[in-house]
Peer 1: 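Here you go, one structure.
The model shown is predicted, which means the values in this text are computed figures rather than measured ones.
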Amino acid sequence: MKHKDGKPHQSDKSSWKVTVPLTVVVLCGLFFYLGGIFCSERERYVAEPVNKAVDTPTGTATVPVQIKAVSFPECSAEYQDYTPCTDPKRWHKYGRHRLAFLERHCPPSFERQECLVPPPDGYKSPIRWPKSKDECWYRNVPYDWINKQKSNQHWLKKEGEKFLFPGGGTMFPNGVGAYVDLMQDLIPQMKDGTIRTAIDTGCGVASWGGDLLDRGILTVSLAPRDNHQAQVQFALERGIPAILGIISTQRLPFPSNSFDMAHCSRCLIPWTEFGGVYLLEVHRILRPGGFWVLSGPPVNYQRRWRGWNTTIEEQKSDYDKLQELLTSMCFKLFNKKDDIAVWQKLSDNSCYKKLDNPDNYPSKCDDGTEPDSAWYTPLRPCVVVPNPAAKKVKLDALPKWPERLHTAPERVSDVRGGSAGSFKHDDGKWKARAKHYKKLLPALGTDKIRNVMDMNTLYGGFAAAVVDDPLWVMNVVSSYAPNTLSVVYDRGLIGTIHDWCEAFSTYPRTYDLLHLDGLFSAESHRCEMKYVLLEMDRILRPNGYAIIRESSYFVDTIATMAKGMRWSCRKEETEYGVEKEKILICQKKLWYSKQNS
């Protein structure tokens, strides 16, 4: 406070002298308190001294992270088929509209399980490929409901200790082979290497995708965790690529213009409802010139309507609506016979120019819609128009398989720092690495390893290097990394976008080999290491392997935590023999829950 002459009281000065030290004391106490909070999590694993330092990527000598021994408990037996982000126990928390409850809904951090998911009682090592395509052990996927409901449609049948897969389906009573033979007659591009990648929405037990493997076509079989019980788990147990997912309110985790073909065999997706938003998503992920195949209602309604509990007038109306919607989003009817209809996504830009008319529906998506954004991205009722400048994304412009595998895709230049030269370098690098891996892990390249995941790929180089082996690779690109998944698909491989701070969209015990290259170096600032390792343990089969290529800074910590998960690991040199990077070769042991007999 001041006198009228503007001079301060003496009491103001003394108050100021008291306030400054008091503020300093309060702030120091606050920082000390916050420091304790942030340090408390780190101190759960106590660092121990080590004898030698290593060079970090910045060149500074740093002591590698080390922790005390840790041991993870077993989860209870009820968790044997636990899928954290598609957990039926949590469905009641989410809306039924458009089946949104079947989408990914991951548990909050305080509900995350810190335990090892047990195998079912009587679990055995899976039958090896290619025999596994036709049979699997009942005890590995002990689900009776789907057997009772679908055995009359020849999806599968239980015989003794095994499930057998006769290759039947709702729309292919004569077997999946005859069904695909007819499809190839309708789509000649399936025979000459033009079509390499496909997606099957509502895949059943993935018999369609399994048959296509023998024809050189790699299929992502997609199905939700729903009342059909473990469709995706059956597919992966058979050695067929599959992932949990549903077209509902969010985009599928794939970039635009990815798949050469999409398929729906009586998948019961209401294609014309909600403004055709589900079909618009198929349009987004299908590359220009790609094919959409539909069998089941309303195709062939003239002969089939009586078996669909409807009227011929209703089915004709549904078919006309479907045809009108497909035409409006630049599809054309390509071929049709019996129960199969085929449409082709046009690659001619003249059709998409018509979408500029604001009176048209569906309209063209605005510039604010990123075509490749696909991680928790809401579906929008608009057409994602292919980039007219991307001439070599079109199906007929790509080299045929297998030439496209080692040809630098046009979209590699869209990646920051990407070029044809960097692609070729990456391709050569992974050939050398895969050769070295096979020396360290002789099972790689044999029938002991079928389902493989590359947990943080760049261009799919590892998958390309092992393409001639009896395995397939799910290439994962981090949602926080540059989106290079379009390059993976352009070279004829498959994959998905994912955030490793969350659980992957698959069942437990579905992969034989997990490979990661610097994942912890890239993501440890966001994702807690133990949760990533526990998720790896969940999806890895007993007796399965992990190849962990990582900075020396993390290797000892990973090995210690892996031991706490009952893995056995050994440290190996890289093919270059550098000190700053090491390789862990780990194997998960087979164990049974103490709660089981």
Peer 1: Is Glu324 atom CD crowded by more than 12 heavy atoms from other residues, nucleotides or ligands, each under 6.0 Å away?
Peer 2: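 Not buried by this count: 12 neighbours or fewer within 6.0 Å.
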
Peer 1: Side chains of Thr510 and Gln233: is there a donor and an acceptor less than 3.5 Å apart?
Peer 2: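 No.
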
Peer 1: Short question: side chain of Gln231, backbone of Gly204 - any donor-acceptor pair under 3.5 Å?
Peer 2: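 The answer is yes, because a donor-acceptor pair under 3.5 Å joins these two groups.
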
Peer 1: Measure centre to centre between the rings of His97 and Phe274, then say whether the value is under 6.0 Å.
Peer 2: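 Ring centres of Phe274 and His97 closer than 6.0 Å.
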
Peer 1: Give a yes or no on whether a salt bridge exists between Glu535 and Arg538, defined as a side-chain N under 4.0 angstrom from a carboxylate O.
Peer 2: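 So Glu535 pairs with Arg538 through a salt bridge.
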
Peer 1: For Asp200 and Thr219, which I'm curious about, is there any donor-acceptor pair between the side chains at under 3.5 Å?
Peer 2: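 Short answer, no.
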
Peer 1: Is a side-chain donor or acceptor of Asn387 paired with a backbone partner of Ala389 at a separation under 3.5 angstrom?
Peer 2: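 Yes; at least one donor-acceptor contact below 3.5 Å.
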
Peer 1: Less than 4.5 Å apart, side chain to side chain, heavy atoms only: is that true for Val532 and Glu502?
Peer 2: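 A side-chain contact under 4.5 Å is absent here.
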
Peer 1: Evaluate the criterion side chain to side chain contact (heavy atoms under 4.5 Å, CB included) for residue pair Val393 and Arg411; output intermediate values, then yes/no.
Peer 2: CA-CA 8 Å; Val393 173; Arg411 288 194 280 187; 3.8 Å; yes

Peer 1: Ignoring hydrogens and geometry beyond distance, is a side-chain donor-acceptor pair present between Asp339 and Asn300 at under 3.5 Å?
Peer 2: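 Yes, side-chain donor-acceptor contact under 3.5 Å.
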
Peer 1: Under a 4.0 Å threshold between the charged nitrogen and the carboxylate oxygen, would Asp214 count as salt-bridged to Lys133?
Peer 2: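 A salt bridge is present here (some side-chain N lies under 4.0 Å from a carboxylate O).
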
Peer 1: Donor-acceptor pair, distance only, cut-off 3.5 Å: does the side chain of Thr457 make one with the backbone of Asp454?
Peer 2: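 Side chain of Thr457 to backbone of Asp454: no pair is present.
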
Peer 1: Take a 6.0 Å sphere around NZ of Lys191 and say whether it holds more than 12 heavy atoms from other residues, nucleotides or ligands.
Peer 2: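 Enclosed: over 12 neighbouring heavy atoms sit under 6.0 Å from NZ of Lys191.
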
Peer 1: Return the CD1 to CE distance between Ile195 and Met261, rounded to the nearest 0.5 Å.
Peer 2: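 Answer for the CD1-CE pair, Ile195 versus Met261, is 5.0 Å.
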
Peer 1: Could you check whether the rings of Phe163 and Phe234 sit parallel, tilted or perpendicular, using 30° and 60° as the cut-offs?
Peer 2: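 Taking Phe234 first and then Phe163, their aromatic rings stand perpendicular (interplane angle over 60°).
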
Peer 1: Kindly compute the distance separating CZ (Phe331) from NE2 (His283), expressed to the nearest 0.5 Å.
Peer 2: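 Between atom CZ of Phe331 and atom NE2 of His283 there are 5.5 Å.
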
Peer 1: Looking at His105 and Pro84, would you say the former's side chain and the latter's main chain have a donor-acceptor pair under 3.5 Å?
Peer 2: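 No; judged by distance alone, with no hydrogens or angles, the pair does not exist.
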
Peer 1: Compare all side-chain heavy atoms of Asn451 with those of Arg541 and state whether any distance is below 4.5 angstrom.
Peer 2: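 Of all side-chain heavy-atom pairs linking Arg541 with Asn451, at least one is under 4.5 Å.
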
Peer 1: Are any of the side-chain nitrogens in Glu111 or Arg90 under 4.0 Å away from the carboxylate oxygens of its partner?
Peer 2: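 Yes.
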
Peer 1: Ignoring hydrogens and angles, tell me if any N or O in the side chain of Asn475 forms a donor-acceptor pair with the backbone of Ile494 under 3.5 Å.
Peer 2: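 Yes, Asn475 side chain to Ile494 backbone: donor-acceptor pair under 3.5 Å.
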
Peer 1: Centre of Phe101's six-membered ring, under 6.0 Å away, within 45 degrees of the axis: is that where NZ or CZ of Arg96 sits?
Peer 2: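 That pair qualifies as a cation-pi contact.
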
Peer 1: Is the shortest distance from a Lys or Arg side-chain nitrogen in Asp348 or Lys353 to a carboxylate oxygen in the other one below 4.0 Å?
Peer 2: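 Looking at Lys353 together with Asp348, the answer is no, because their closest N to O distance does not fall below 4.0 Å.
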
Peer 1: Going by an N to O cut-off under 4.0 Å, is there a salt bridge joining Asp427 and Arg491?
Peer 2: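 Salt bridge: yes.
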
Peer 1: May I ask you to test the Val180-Trp208 pair for a side-chain heavy-atom distance under 4.5 Å?
Peer 2: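 In contact.
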
Peer 1: Any side-chain heavy atom of Val299 within less than 4.5 Å of one from Ile340?
Peer 2: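 No, their side chains stay 4.5 Å or more apart.
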
Peer 1: When you check the gap from the basic side-chain N to the acidic O, do Arg284 and Glu281 get nearer than 4.0 Å?
Peer 2: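 Judged by the 4.0 Å cut-off on N to carboxylate O distance, Arg284 and Glu281 do form a salt bridge.
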
Peer 1: Contact between Pro386 and Pro288 at the side-chain level, heavy atoms closer than 4.5 Å - yes or no?
Peer 2: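 Yes - at least one pair of side-chain heavy atoms lies under 4.5 Å apart.
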
Peer 1: Other residues, nucleotides and ligands only: do more than 12 of their heavy atoms fall within 6.0 Å of NZ on Lys316?
Peer 2: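 Open.
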
Peer 1: Taking Lys364 for the side chain and Val384 for the main chain, is one N or O donor matched with an acceptor at less than 3.5 Å?
Peer 2: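 Checking the backbone N and O of Val384 against the side chain of Lys364, no donor-acceptor pair under 3.5 Å is found.
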
Peer 1: Using modelled atom types only, decide if a donor and an acceptor are shared between the side chain of Asp81 and the backbone of Pro508 within a distance under 3.5 Å.
Peer 2: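 No, the answer is negative, given that no donor and acceptor are paired below the 3.5 Å cut-off.
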
Peer 1: To the closest 0.5 Å, what do you measure between CD1 (Ile240) and OG (Ser207)?
Peer 2: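 Ile240 atom CD1 to Ser207 atom OG measures 6.5 Å (nearest 0.5 Å).
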
Peer 1: Test side chain to side chain donor-acceptor pair (under 3.5 Å) on Ser478 and Asn456 and set out the steps.
Peer 2: CA-CA 6 Å; Ser478 170; Asn456 61 325; over 6 Å; no

Peer 1: Before accepting this row, confirm whether a basic side-chain N of the pair Arg380/Asp366 lies closer than 4.0 Å to the acidic partner's carboxylate O.
Peer 2: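 Salt bridge present between Arg380 and Asp366.
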
Peer 1: NZ/Lys336 to CH2/Trp343 distance, rounded to the nearest 0.5 angstrom?
Peer 2: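 Result: 7.0 Å between the selected atoms.
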
Peer 1: Check the pair Arg104, Gln250 against side chain to side chain donor-acceptor pair (under 3.5 Å), reporting the backbone distance first and the verdict last.
Peer 2: CA-CA 9 Å; Arg104 288 178 59 87; Gln250 298 168 359; over 6 Å; no

Peer 1: Determine, stepwise, if the pair Arg225 / Thr83 fulfils side chain to side chain donor-acceptor pair (under 3.5 Å).
Peer 2: CA-CA 9 Å; Arg225 177 163 185 168; Thr83 53; 2.9 Å; yes

Peer 1: Quick one, Thr496 and Val477 - any side-chain contact, counting heavy atoms below 4.5 Å?
Peer 2: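 Not touching, per the 4.5 Å side-chain cut-off.
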
Peer 1: With no hydrogens and no angle check, is any side-chain donor or acceptor of Thr407 less than 3.5 Å from a backbone partner on Glu403?
Peer 2: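 Looks like yes, one N/O pair under 3.5 Å.
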
Peer 1: To the nearest 0.5 Å, what is the distance between OG on Ser328 and CG on Leu355?
Peer 2: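 Atom-to-atom, Ser328:OG and Leu355:CG are 8.0 Å apart.
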
Peer 1: Is Arg526 salt-bridged to Glu523, cutoff N-O under 4.0 Å?
Peer 2: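 Yes, Arg526 and Glu523 are salt-bridged.
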
Peer 1: With respect to Asp490, which candidate in Arg287, Arg404, Arg196, Lys394 satisfies the salt bridge (Lys or Arg N to Asp or Glu O under 4.0 Å) definition?
Peer 2: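 By the salt bridge (Lys or Arg N to Asp or Glu O under 4.0 Å) criterion, Asp490 pairs with just one of Arg287, Arg404, Arg196, Lys394: Arg287.
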
Peer 1: Any side-chain donor paired with an acceptor under 3.5 Å for Glu273 and Tyr278?
Peer 2: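 There is no such pair between these side chains.
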
Peer 1: Supply the atom-to-atom distance Gln184 CD to Asp192 CG, rounded to the nearest 0.5 angstrom.
Peer 2: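 Spacing of CD (Gln184) from CG (Asp192) equals 10.0 Å.
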
Peer 1: Heavy-atom distance under 4.5 Å between the side chains of Val383 and Leu280, does that happen here?
Peer 2: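 Result yes, sub-4.5 Å side-chain heavy-atom pair found.
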
Peer 1: Within the 4.5 Å heavy-atom criterion, are Thr506 and Leu236 side-chain neighbours or not?
Peer 2: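 SC-SC contact between Thr506 and Leu236 confirmed.
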
Peer 1: Between Thr86 and Leu102, does the side chain to side chain contact (heavy atoms under 4.5 Å, CB included) criterion hold? Intermediate values first, please.
Peer 2: CA-CA 7 Å; Thr86 51; Leu102 295 176; over 6 Å; no

Peer 1: Should the ring pair Tyr179 and Phe172 be called parallel, tilted or perpendicular, given that the plane angle runs from 0 to 90° and is split at 30 and 60?
Peer 2: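 Rings of Tyr179 and Phe172: tilted, as their planes differ by 30° to 60°.
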
Peer 1: Please step through salt bridge (Lys or Arg N to Asp or Glu O under 4.0 Å) for the pair Arg450 and Asp512, ending with a clear verdict.
Peer 2: CA-CA 6 Å; Arg450 172 63 185 169; Asp512 299 300; over 6 Å; no

Peer 1: Would Leu405 and Leu493 satisfy side chain to side chain contact (heavy atoms under 4.5 Å, CB included), going step by step from the backbone distance to the final call?
Peer 2: CA-CA 8 Å; Leu405 179 64; Leu493 303 171; 3.8 Å; yes

Peer 1: Under the criterion side chain to side chain contact (heavy atoms under 4.5 Å, CB included), I'd like the reasoning laid out for Asp318 against Glu313: C-alpha separation, chi angles, the key distance, then a yes or no.
Peer 2: CA-CA 9 Å; Asp318 288 348; Glu313 291 79 15; over 6 Å; no

Peer 1: Check the pair Asp499 / Trp375 against side chain to side chain donor-acceptor pair (under 3.5 Å), numbers first and verdict last.
Peer 2: CA-CA 8 Å; Asp499 177 4; Trp375 188 245; 4.5 Å; no

Peer 1: Would you say the side-chain atoms of Asp260 pair up with the backbone N or O of Ala198, donor to acceptor, closer than 3.5 Å?
Peer 2: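 Here the side-chain-to-backbone pair does not exist.
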
Peer 1: For the side chain of Tyr361 and the backbone of Gly275, is there at least one donor-acceptor N/O pair under 3.5 Å apart?
Peer 2: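 Answer holds: yes.
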
Peer 1: Can you check whether Trp271 and Trp292 have ring centres sitting under 6.0 Å from each other?
Peer 2: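 Yes - the distance between ring centres of Trp271 and Trp292 falls below the 6.0 Å cut-off.
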
